[in-house]
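First up is the structure itself, then whatever we jot down about it.
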Amino acid sequence: MRVVAGQFRELTQADLAFARQIGCSSVTVNKPDLDSPAWIDFLNKQFTAAAGPRPPTRRWSALDLVQMRAAVEAHGLALDCIEGVPRNLLDKAMLGLPGAEEQVEDFKATLRAMGQAGIPVLGYNWIPDGVWRTAKAAHGRGGALVTAYDDALGQRVATGTLPPRSEAQMWANWERFITAVLPVAQDAGVKLSLHPDDPPVPVLDGVARIFRDEASFARAMAFADSPMHGIAFCTGTFAESGAAAMMAALRRFARAGRIHYVHLRSVAGALPRFAEAFIDEGSVDPVAVLRELLEAGFDGFVIDDHVPHVVEDTVWGHRSRAYATGYIAGILRALRTQGGSTP
Ligand SMILES: [Mn+2]
């Protein structure tokens with residue numbers, strides 16, 4: 001088990017140096033938009049006006065991914081995982097809309113390219129309408145800005161932007177998707193890791209949210225029963241339904257060897273109302289989480305997740321993430337020292 005930094009939407013030399021400075025040996029990248037100027041610059045892509053407008057990237061090339069990995073390794077770091085493709089590369093597959101099959105083919109090509117580039121884990125989720133909050137800047141400890149969710153408000157939202165989808169439809173779409181892509185992931189040697197729906201409520205804005213509790217993950221792990229298909233276990237999202245339920249799910253899936261990586265964050269309260277919290281407060285006990293992972297022989301990585309926004313922090317959250325990462329690493333060192341093994 002190791003503590004990593006990342007969830008970078010873009011990579012910069014400074015961010016990679018920062019990850020090393022706070023003691024991490026590897027990083028993750030999260031839903032990178034390779035068409036953004038920052039990525040074009042970082043990957044040192046060359047374009048000429050004569051070539052005409054560039055078509056949007058629908059699948060990642062092995063070359064882009066090798067360049068990404070090489071840039072990370074140049075800082076003495078490993079690239080452990082890409083935590084998902086941008087949502088607009090998978091939304092039609094999730095919703096069963098025209099174009100779904102093309103998105104699945106592109107996803108398969110991306111998996112093959114990741115295998116060629118030697119990037120071992122690709123996260124994904126089945127949330128076409130994304131993470132929802134009813135407040136983006138509520139006040140947490142000391143006035144830190146946190147996101148919050150109140151289901152009484154959330155259930156009143158009807159944007160009409162997505163077609164209504166039932167649980168049965170969302171499951172059928174997912175089963176079609178995973179049946180198509182899992183053999184490719186296995187061939188490519190790339191692990192697929194499913195993150196839960198956040199918030200884990202049955203439906204929002206007319207679209208069912210199917211991956212929200214232990215039972216739904218048990219069904220998913222049984223349907224796609226392979227070591228190459230596992231869970232991006234988000235303690236925060238699971239604990240939004242209650243910390244005891246989160247710990248039960250963690251224990252079950254860690255001992256079954258189905259957790260690929262862990263988002264370690266806490267929440268204050270639970271549905272129908274919760275707010276995000278610092279790692280050292282709220283309902284999630286990070287000591288209990290890490291002890292359980294150690295006892296289960298977990299050999300993946302642990303990363304901080306949404307962190308409260310503290311004074312003079314950056315958008316990515318250098319200050320708050322450094323606090324969370326150091327806190328997690330300190331607990332892990334203490335547990336390992338108590339266990340008699342080397343830190
Ligand atoms: Mn998460």
Side-chain angles (χ1 to χ4, degrees), residues 1-9 24 26-32 80-87 90 94 121-133 136 140 146-149 154 191-201 204 209-214 216-217 220 230-243 245-247 249-250 253-254 258-271 274-279 281-286 289-290 292-293 298 300-309 315-317 320-321 323-325 327-328:
M1 184 183 353
R2 60 206 175 278
V3 183
V4 317
Q7 304 190 326
F8 299 114
R9 290 275 158 83
C24 295
S26 50
V27 298
T28 76
V29 169
N30 196 336
K31 301 181 185 69
D80 271 346
C81 173
I82 300 181
E83 297 195 56
V85 299
R87 186 164 295 111
L90 209 52
M94 295 186 210
V121 183
L122 178 59
Y124 79 104
N125 64 53
W126 211 245
I127 332 175
D129 46 357
V131 172
W132 275 56
R133 295 290 187 261
K136 294 261 183 188
V146 297
T147 73
Y149 180 77
K191 289 181 175 174
L192 276 171
S193 313
L194 175 60
H195 186 287
D197 292 37
D198 183 1
V201 294
L204 262 182
R209 300 167 81 84
I210 55 174
F211 296 117
R212 62 177 187 268
D213 55 17
E214 181 180 338
S216 51
F217 273 85
I231 305 172
F233 194 98
C234 184
T235 61
T237 305
F238 274 97
E240 286 159 13
S241 301
M246 180 277 288
M247 284 303 299
L250 180 82
F253 296 118
R258 298 304 292 273
I259 297 179
H260 291 162
Y261 62 90
V262 174
H263 283 174
L264 185 41
R265 67 175 170 89
S266 192
V267 292
L271 285 168
F274 64 82
E276 294 184 346
F278 286 97
I279 187 70
E281 59 172 358
S283 67
V284 172
D285 177 353
V289 168
L290 291 166
E292 177 58 43
L293 291 169
F298 172 71
F301 66 84
V302 177
I303 188 168
D304 64 344
D305 201 13
H306 322 170
V307 289
H309 187 80
V315 172
W316 179 73
S320 201
R321 285 181 179 273
Y323 176 69
T325 302
Y327 196 90
I328 294 166

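Counting starts at 1 for both ligands and their atoms, following the listed order.
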Taking only residues two or more places apart in sequence, or in another chain, which ones meet P286 in a side chain to side chain contact (heavy atoms under 4.5 Å, CB included)? L264, I279, Y327, I331
With a 6.0 Å cut-off on ring centres, are F298 and F233 close enough? no
Spell out the protein N/O/S atoms under 2.8 Å from the Mn ion (ligand 1) as residue plus atom name. H195 NE2, C234 SG, H263 ND1, D305 OD2
Tell me, please, which residues at least two apart from R258 pass side chain to side chain donor-acceptor pair (under 3.5 Å). D225
Which residues satisfy the salt bridge (charged side-chain N to carboxylate O under 4.0 Å, His left out) test with D285, sequence neighbours excluded? none
Would you say the side chain of F274 lies within less than 4.5 Å of the side chain of S283, judging by non-hydrogen atoms? no
Ring centre gap for W316 and F8 strictly below 6.0 Å: yes
